[in-house]
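First comes the structure, then the notes that go with it.
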Protein chains: 2
Amino acid sequence: MNKKKVSLKDIAEKAQVSTALVSYVLNGKEKESRVGHEIAVKIKQIAKELNYQPNYLAKSLRSGKTQTIGLIIADISNPFFANIARIVEDEAKKNGYTVIIGSSDEKAEKSWDLITVFLNRQVDGFIIVSSENSEEQIQYLIEKNVAFVLLDRHFPTIPTHFVSLNSYKAAFDAGVHLIQGGYKNIGLIAYKSNLFHMQERIRGYRESLAENGIVFHPAWLKEVGFDTIDEEIKIGIDEMLASAFPVDALIFATYRLAVTGLKYINALGLKVPDDLAIVSFGQAEVFDLYYCPITYVLQPMEELGKTAVEILIHQLKEPHAEKRQILMEAQLMARDSSRSKAAIS
Amino acid sequence: MNKKKVSLKDIAEKAQVSTALVSYVLNGKEKESRVGHEIAVKIKQIAKELNYQPNYLAKSLRSGKTQTIGLIIADISNPFFANIARIVEDEAKKNGYTVIIGSSDEKAEKSWDLITVFLNRQVDGFIIVSSENSEEQIQYLIEKNVAFVLLDRHFPTIPTHFVSLNSYKAAFDAGVHLIQGGYKNIGLIAYKSNLFHMQERIRGYRESLAENGIVFHPAWLKEVGFDTIDEEIKIGIDEMLASAFPVDALIFATYRLAVTGLKYINALGLKVPDDLAIVSFGQAEVFDLYYCPITYVLQPMEELGKTAVEILIHQLKEPHAEKRQILMEAQLMARDSSRSKAAIS
DNA sequence: GTTTTTTGTTTAATCGATTAAACATACATT
DNA sequence: AATGTATGTTTAATCGATTAAACAAAAAAC
């Protein structure tokens with residue numbers, strides 16, 4: 001990284017003026033600072049000639065702003081989050097911000113680390129997809145007066161800005177969709193997590209049964225641990241199928257659960273949807289490629305990401321505006337994996 | 001972002017010494033700068049008490065180093081690159097570096113943008129997955145004496161550090177594998193690209209045929225444009241099947257081509273591998289989930305990513321060491337989609 | 001023809017950390 | 001006692017940009 005970069009001073013010298021003038025001109029403050037017109041033109045010309053690029057570090061040091069956003073996501077290897085990351089990055093760039101991304105891998109500890117590192121890097125604010133038990137981190141940010149928005153997951157008891165999905169409604173719709181298709185014994189595989197959005201998915205599912213007069217059986221709900229999904233999903237599916245009321249349809253509460261579950265369903269030789277109908281949260285190419293396209297809950301990723309950026313940037317400008325809390329609606333994309341029982345020969 | 005941060009000066013005042021001493025002590029230079037022992041202890045203690053965190057901006061401005069790496073990948077929505085990104089990030093962090101990621105979406109223009117933005121942000125160096133026709137960018141970096149490593153793709157005519165895959169060998173192996181399985185009419189779907197790794201995949205494929213006495217037919221090779229893969233793949237597959245020598249096996253040169261191609265193969269109602277055997281580059285969950293697990297070329301992602309970081313960091317320490325150019329070997333993971341013809345009933 | 005205003009430009013402090021060089025003691029050497 | 005050598009510590013410049021305040025010269029006001 002050689003070739004000493006062009007600095008304000010270089011321009012100043014070449015134009016035979018002080019750096020102050022150069023700074024005023026290049027920041028469009030000629031008017032307020034009443035810079036002479038010819039000089040202003042000259043400075044602009046020299047700046048262009050030398051291809052001057054201001055030094056962000058110096059700027060940031062002075063201003064206390066880095067024009068950088070820290071994005072902490074729960075799992076970069078999940079295509080949903082990878083996509084969100086890309087959207088956030090694009091949107092931020094449009095607004096003159098750079099994004100630094102970190103993946104917490106669903107671990108509160110890693111997310112603490114990232115917060116520390118990013119704060120050290122003087123990010124202007126955060127967009128966070130929270131992991132379980134990270135409430136104290138959020139409290140910490142609030143106390144420190146750091147700007148942030150929660151994305152995709154939020155804590156109903158902590159007043160923060162957030163943009164997430166109406167998980168209750170989405171799960172409810174998924175349940176109703178299956179019931180209307182003639183399925184009666186509907187299972188749900190979710191994460192064992194106290195995260196609000198997960199609890200809401202469970203609640204929505206149960207409510208869909210209740211409201212349609214279907215008695216819920218405990219074997220139909222399996223909550224699996226993050227670190228043991230492979231084994232637990234197998235156990236869960238086995239139990240659902242072997243129960244006194246064997247399931248004929250199954251909802252997966254996340255993309256990863258679906259992928260793992262479907263592998264096992266394949267291994268068991270079950271035919272979707274004849275033996276088992278499927279609806280899943282999250283979307284991905286996988287669902288298209290499956291021999292029987294998978295019905296899924298379409299999350300408005302583009303909007304989620306863009307809105308998060310928008311809220312954060314607005315917050316940076318007006319730190320004390322009231323909290324914006326947005327719940328977006330998902331859309332159920334019905335495909336073959338949940339086609340009506342009547343339609344199955 | 002309130003609560004004025006603790007600075008060196010704060011510590012200095014509290015300890016009644018100059019900032020110089022504080023700096024020496026906290027940077028472990030007590031010995032060289034012969035700082036008094038009691039004072040050193042006192043300073044450390046106060047620093048801990050106040051939970052002092054140095055200001056990276058100031059440090060960087062002074063030192064000219066930001067401890068930041070710019071990672072430019074070709075496509076963040078491709079799980080292969082998303083994974084690489086994660087590996088690079090982890091490895092960099094272990095070495096005290098932060099990574100800023102940008103996706104060029106296979107466009108040279110976007111990649112130019114990213115280079116400019118990242119240089120402005122004073123990254124110490126780059127790890128780049130080049131897009132087509134970006135040679136001049138590479139030349140520019142060389143001229144500017146910027147540290148960088150090419151990852152996964154390189155330009156054989158430009159002397160740079162790089163870590164990539166032995167694409168020729170991998171494609172050759174894929175061809176041989178199919179031939180040994182009894183397949184004789186083998187097609188390849190690749191990108192229409194002058195990128196070296198793509199040309200090498202084509203060369204390896206053709207060589208595998210040639211070396212086994214199979215006459216290559218032009219209809220067997222389809223090169224599709226980045227922006228028109230959907231349509232072109234359909235055309236390509238149609239032509240391969242309708243040709244005078246209809247293919248009984250197909251190699252996809254990348255993950256994305258495979259996903260798109262398999263969708264079409266599904267739509268055509270072809271059975272893998274009975275009607276058509278498949279081998280693909282890249283790996284992903286999709287390949288496990290397919291009704292018939294897909295044979296793929298396993299790239300040593302972990303090593304690719306780690307080595308790239310290692311080379312870059314070494315380069316930052318010793319800018320003039322000779323170029324390290326590494327070609328790693330892929331491993332063919334044989335699965336059902338290419339099982340031997342003899343084994344098919 | 002002073003005084004005041006306006007216009008145009010420079011000076012210097014600042015952001016926070018680093019570090020060469022200067023300074024000030026104490027101790028050792030002859 | 002005079003000089004030299006360690007041992008501690010402070011001063012001040014530096015990285016590059018911003019900006020309040022000081023300054024100077026020209027134009028307007030009385």
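Protein chains get the first letters and strands the later ones, always in sequence-line order, with residue 1 at the start of each.
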Quiz item: Roughly how many Å is it from CG in A/Asp10 to P in D/dG16, rounded to a whole number?
Solution: 8 Å
Quiz item: Within less than 4.0 Å of OP1 or OP2 of C/dC15, is there a side-chain N or O belonging to A/Tyr56?
Solution: no
Quiz item: Roughly how many Å is it from CG in B/Asn55 to P in D/dC15, rounded to a whole number?
Solution: 18 Å
Quiz item: To the nearest Å, how far apart are B/Leu21 CG and D/dT7 C1'?
Solution: 12 Å
Exercise. Would you kindly give the CZ-to-C1' distance between B/Arg121 and D/dG16, to the nearest whole Å?
Key: 16 Å
Quiz item: Counting only side-chain N and O atoms of A/Lys59, is one of them less than 4.0 Å from OP1 or OP2 of D/dG16?
Solution: no
Quiz item: Side chain of A/Val35: nearest nucleotide among D/dG16, C/dT9, C/dA17?
Solution: C/dT9
Self-check item: Test item: side-chain donor near acceptor, A/Gln45 and A/Glu49, under 3.5 Å
Solution: yes
Practice problem: Mind telling me whether B/Trp112 and B/Tyr140 have parallel, tilted or perpendicular rings, with 30° and 60° as the class edges? | Solution: perpendicular
Quiz item: So, is A/Lys9 near the phosphate of D/dA17, with a side-chain N or O under 4.0 Å from OP1 or OP2?
Solution: no
Self-check item: Sugar-phosphate only, base, or nothing, as touched by B/Ser60 at under 4.0 Å among non-hydrogen atoms
Solution: nothing
Exercise. Just call it for A/Ser63: base, sugar-phosphate, or nothing, with non-hydrogen atoms closer than 4.0 Å on any strand.
Key: nothing
Practice problem: Report the distance from atom CZ of B/Arg34 to atom C1' of C/dC23, rounded to the nearest whole Å. | Solution: 12 Å
Self-check item: Heavy-atom pair of closest approach, residues A/Gln67 and B/Arg121
Solution: O-NH2, 2.8 Å
Practice problem: Name the nucleic acid region contacted by A/Leu57, choosing base, sugar-phosphate or nothing; use a 4.0 angstrom heavy-atom cut-off, strictly under. | Solution: nothing
Below 3.5 Å, can you tabulate the donor-acceptor pairs from side chains in residues 149-156 of chain B to any protein atom, sequence neighbours excluded?
{"unit_1": "B/Arg153", "atom_1": "NH1", "unit_2": "B/Glu106", "atom_2": "OE1", "d": "2.9"}
{"unit_1": "B/Arg153", "atom_1": "NH1", "unit_2": "B/Ser130", "atom_2": "O", "d": "2.9"}
{"unit_1": "B/Arg153", "atom_1": "NH2", "unit_2": "B/Glu106", "atom_2": "OE2", "d": "3.0"}
{"unit_1": "B/His154", "atom_1": "ND1", "unit_2": "B/Ser164", "atom_2": "OG", "d": "2.8"}

Quiz item: How would you list, by chain and number, every residue that makes a salt bridge (Lys or Arg N to Asp or Glu O under 4.0 Å) with A/Glu132, sequence neighbours excluded?
Solution: none
Quiz item: Do B/Ser60 and B/Gln122 have a side chain donor and acceptor closer than 3.5 Å?
Solution: no
Quiz item: Between C/dG16, D/dT19, C/dT19, which nucleotide has the shortest distance from any of its atoms to the side chain of A/Lys29?
Solution: D/dT19
Which pairs, protein N/O on one side and nucleotides 11-14 of chain C N/O on the other, fall under 3.5 Å?
{"unit_1": "C/dT14", "atom_1": "O2", "unit_2": "A/Arg62", "atom_2": "NE", "d": "3.0"}

Quiz item: Taking the side chain of B/Val17 as its heavy atoms from C-beta onward, which of C/dT19, D/dT10, C/dT9 lies nearest to it?
Solution: D/dT10
Quiz item: Are a donor atom and an acceptor atom from the side chains of B/Ser77 and A/Arg86 found within less than 3.5 Å of each other?
Solution: yes
Self-check item: Atom pair distance, as rounded to whole Å: CD in B/Glu30 and P in D/dT7
Solution: 15 Å
Quiz item: Is the closest side-chain heavy-atom distance between A/Val17 and A/Val22 below 4.5 Å?
Solution: yes
Practice problem: Figure out the CG/P separation between A/Leu50 and D/dG16, and round it to whole Å. | Solution: 15 Å
Exercise. Determine the contact category for A/Ser23: base if any of its heavy atoms lies under 4.0 Å from a base atom, sugar-phosphate if only primed atoms, P, OP1 or OP2 are that close, otherwise nothing.
Key: base
Exercise. Could you check how far CG of A/Leu61 sits from P of C/dA17, rounded to whole Å?
Key: 9 Å
